[in-house]
Amino acid sequence: MFLWIIQRDLLLAMRRRADVLTTLFFFIIVVSLFPLGVGPEMNMLRIMAPGVVWVAALLASMLSLGRMFSGDHLDGTLEQMLISPQSLSLLVLGKALAHWLVTGVPLVLMAPVLGIQYDLPADALLVLTASLLLGTPVLSLIGAIGAALTLGLRGGGVLVSLLVLPLYIPILIFGAGAVEASTAGLGAGAHMSLLGAFLLASLVLAPWTAAVSLRISME
Amino acid sequence: MAINWFKYSSPASFYFLAGKMIPFFSIAAVILCLAGLYIGFFVAPTDFQQGEAYRIIFIHVPAAWMSMFLYVVMAMWSGIGLAFNTRLSSMVATAIAPTGAMFTFLALWTGALWGKPMWGTWWVWDARLTSELILLFLYIGFMSLQAAIDDPRRADKAGAMIALVGVVNVPIIYFSVKWWNTLHQGASVSLTQSPKMATTMLTGMLIMSLACWMYAIAMVLIRTRAVILERERHTAWVGELQGAA
């Protein structure tokens, strides 16, 4: 059932490839806008790079949250899922993982290329990619709660940003901090451990919270 | 003597209980506020390091305390409302949010006023300031989520979820001083050590805290009454109330 949900959501996403690419291109455009805004000095860009890439990843991941449940909500599939005997938390976990595979993984793959634009050294690129790999699933998992709570509300898209972005802040701090710590020669181990801890905690708590929220929204 | 607490979990009986309690808390708030301000401005000595500017702590510290404390209380009532399905608890949570947001804003604003003469800048990206700002975002998120949902029961429950998720942030605020060592000075008051400030200053601050406390209770009760009236406007007892007035 869990694998089936992931498979199904991936299939749906592949049928509408434009949606996936929009998120990715949004990420690329936001990151590319910053040098145009602040000027092309490489020294400054190198310092800014982790923060810019991470903020762009946050926004890109958030923008596609609305799609996590709304399609299934509109055609009634979600109601069937709610009354199915399967654990709803597991279903939500599957949907969040599918969301990550569709939006998070392309960002992770694209990040080194964008890091080169900002003249990051090779080991910093590695840390940036690794921190995104650990952090982006957390974004999808926390985002699932916001998406579930704002399901079917007017102005849900703006509202979800208001709810979810404050909760993303620790991920941003430690994700971007990992790269900064490694370029400063401190080693990214501590930051990575914290990101890993966030991932594990949200893997356990977020699907359950999102499932409760879905039931509230669908009452 | 056993008091039947459940009696007051009914919005109708709580409405009248709150009506009786509001004058008491309002008067206490005014008296304590006057006493606290008097101590703060006339009795407490000038600080030898910070000069007169330190006097902002008489409102800044109580506001910051209240902002965090009210969020926890709001999350607690939300949780109770969610767990026991009591309408009144959720109404109280809804009523707390604007007061909490106001105190958060006040703490940020007075902090900026204090930071300009002390640090030479209105704002620093220090852990405590930042988390207080995040707390303001959480309050605003809670209020806008509730405002966006038309069905009050769903609004209560959805708000409760987001309040409980956000309550994770409050300990981060509290321990941030220990986690990140930055510009912001450490806590001046702690339960384990004797206070590092003059007794009169401490008295003034504690009295002002009590005043803020009383004010918050009075405000929350007034707002809860308004929420009760709005939600129960179709019931018989509200109709009688209107007839009597």
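It should be emphasised that the depicted structure is a prediction, and the values quoted were computed from it without experimental measurement.
Contact count against chain B (heavy-atom pairs under 4.5 Å) is highest for L149(A) among I145(A), L149(A), L162(A). Taking chain A as the reference chain and counting heavy-atom pairs below 4.5 Å, the highest number among M161(B), R154(B), K157(B), R153(B) is found for R154(B). Per-residue heavy-atom pair counts under 4.5 Å with chain A were compared for D150(B), I140(B), L82(B), and the maximum is reached by D150(B).
Looking at A155(B), there are no atoms closer than 4.5 Å to chain A (heavy atoms on both sides), in backbone or side chain. Both the backbone and the side chain of I216(A) come within contact range of chain B, each with at least one heavy atom under 4.5 Å from a heavy atom of that chain. Residue S161(A): no heavy atom, backbone or side chain, is found under 4.5 Å from chain B.
Aromatic ring centres of W237(B) and Y15(B): separated by under 6.0 Å.
D9(A) has no carboxylate O lying under 4.0 Å from a charged side-chain N of R67(A), or vice versa, which leaves the two without a salt bridge.
Residue-environment remark: CH2 (W77(B)) stays at or below the threshold of 12 foreign heavy atoms within 6.0 Å.
In this structure, a donor-acceptor pair under 3.5 Å is absent between the side chains of W100(A) and S61(A). E132(B) and T104(B) are not linked by any side-chain donor-acceptor pair at a separation below 3.5 angstrom, with hydrogens and angles left out of the test.
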